[in-house]
Amino acid sequence: MTIDNSALTHRSIRTFSAAPSAADQRVLEDVAQATSSSNFLQQVTLIKVFDPQKRQRIADLTNCPFVAGEGLLYVFVLDQHRNIETAHLTEATASHFTGWAGFFGGVADAELAAQNLLGAAERSGLGGCFRGSVLNDPRQMIALLNLPRFTFPVLGLMVGVPAEAPQHKPRLPHAAVVGENTYPAAQDLQDYDTTLNNYYRTRQWNAREETFTDSLLGYTKTDLHHRLEIGQILREQGFHLPQ
């Protein structure tokens, strides 16, 4: 048996010439639905956003202008609303869905479905880019997408026909990430810093001097927008996540 290693060609695509066709969208959505689901609770809803005004608003919220351009935006939503309604549960009897178990199960369902959809898109010649920045302002995303109680927007995914061919971004060394029966031993990442800096310095767009260590330190200074309010927003949406 030979493992299909086509996923190693993954590149994040931010410029598209077109959205997937309607037929291709349906196949991609069916692939997302076919993804493994925690306890088979199917705790995810996909929202296709093609309304130009909403797309522009989301582009502004996420600080990603390309979200308003060509391609199609999916938002993957942790959805316990449907299950609670289907089982005719009250908030008092829905703790399995609104506590940590339901929260992590729903987040996993949403993220796995998103990755499965992107994998199928890439194997078909399409491309995509995840947008975790939908969490910049969850309250506005919830209002914009009319999300009911017991739901939460987890991440976005732009997908479409690629209009660019970016270079491959080097990953951490295998030994730093994969442990055998225990946490992997610490690795000297100086060589990786050099490799990643060379990638950033020579790539075709947004070239800059930056190592992996630089990026870690830089992240500590980034604007988290409204992400520090996520705990409160989850409570407003009906989730009970005690410490």
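Note that the coordinates shown come from a computational prediction; the quantities given were computed from them, not determined experimentally. In what follows, residues are counted from 1 in the order of the sequence shown.
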Considering all heavy atoms, the nearest [X]-[Y] contact:
X    : Y    : result
Y192 : P170 : OH-O, 2.8 Å
G125 : P162 : O-CD, 3.5 Å
L8   : R11  : O-NH1, 4.0 Å
N136 : L61  : ND2-O, 3.0 Å
V159 : P20  : O-CD, 3.5 Å
A113 : T35  : CA-OG1, 3.6 Å

Sorted by chain and number, sequence neighbours left out, ring-ring contact (aromatic ring centres under 6.0 Å, His included) with F130 holds for none
Report yes if some heavy atom in the side chain of [X] is under 4.5 Å from a heavy atom in the side chain of [Y]; otherwise report no.
X    : Y    : answer
E70  : S17  : no
Q167 : Q204 : yes
P138 : I230 : yes
P166 : I13  : yes

Side-chain donor or acceptor of [X] paired with backbone N/O of [Y] under 3.5 Å:
X    : Y    : answer
R55  : V49  : yes
R203 : W205 : yes
R82  : V44  : yes
K54  : L144 : yes
E164 : T15  : yes
N116 : A34  : no
T93  : L89  : no
S21  : D24  : yes
Q43  : V77  : no
E122 : A120 : no

Modelled atom types, side-chain donor and acceptor of [X] and [Y], under 3.5 Å:
X    : Y    : answer
T211 : D214 : yes
N197 : E209 : yes
D109 : S37  : yes
R57  : Q140 : yes

Cluster check [X], [Y]: I/L/V/M/F/W/Y, side chain < 4.5 angstrom:
X    : Y    : value
L41  : L78  : no
L73  : L147 : yes
F16  : L126 : yes
L217 : F212 : no
L112 : V31  : no

Could you grab the distance from atom [atom1] of [X] to atom [atom2] of [Y], nearest 0.5 Å is fine?
X    : Y    : atom1 : atom2 : answer
D51  : Q56  : CG    : CD    : 11.0 Å
H168 : S12  : NE2   : OG    : 10.0 Å
H240 : R235 : NE2   : CZ    : 10.5 Å
R227 : E229 : CZ    : CD    : 12.0 Å

Using a cut-off of 6.0 Å, state whether more than 12 heavy atoms not belonging to [X] lie near its atom [atom1].
X    : atom1 : answer
D223 : CG    : yes
H225 : NE2   : yes
N181 : CG    : no
R149 : CZ    : yes
Q190 : CD    : no

Joining Ile, Leu, Val, Met, Phe, Trp and Tyr whenever any side-chain heavy atoms lie under 4.5 Å apart, the cluster holding L228 also takes in Y219, L224
Open item on the list: Using the rule given for side-chain contact (heavy atoms from CB on, under 4.5 Å), can you reason through T98 versus I84, listing the C-alpha separation, both sets of side-chain angles and the distance that settles it, and then say yes or no?
Closed with: CA-CA 9 Å; T98 61; I84 290 171; 3.9 Å; yes
Whether W100 and F103 hold their rings parallel, tilted or perpendicular, with breakpoints at 30° and 60°:
perpendicular
Practice prompt. Let me see the working for Q25 and Y74 under side-chain contact (heavy atoms from CB on, under 4.5 Å), right down to the final yes or no.
Written response: CA-CA 10 Å; Q25 289 177 34; Y74 285 102; 3.8 Å; yes
(Q) With side-chain contact (heavy atoms from CB on, under 4.5 Å) as the criterion, how do R139 and Q232 come out once you've worked through the C-alpha distance, each side chain's angles and the decisive distance to 0.1 Å? (A) CA-CA 10 Å; R139 283 193 183 92; Q232 176 59 38; 3.7 Å; yes
### Message
Is there a side-chain contact (heavy atoms from CB on, under 4.5 Å) between E210 and L196? Walk through the geometry before answering.
### Response
CA-CA 8 Å; E210 183 174 281; L196 192 61; over 6 Å; no
- Identify which one of L157, L117, L28 satisfies the side-chain contact (heavy atoms from CB on, under 4.5 Å) criterion when paired with L46.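 When side-chain contact (heavy atoms from CB on, under 4.5 Å) is applied between L46 and each of L157, L117, L28, only L117 qualifies.
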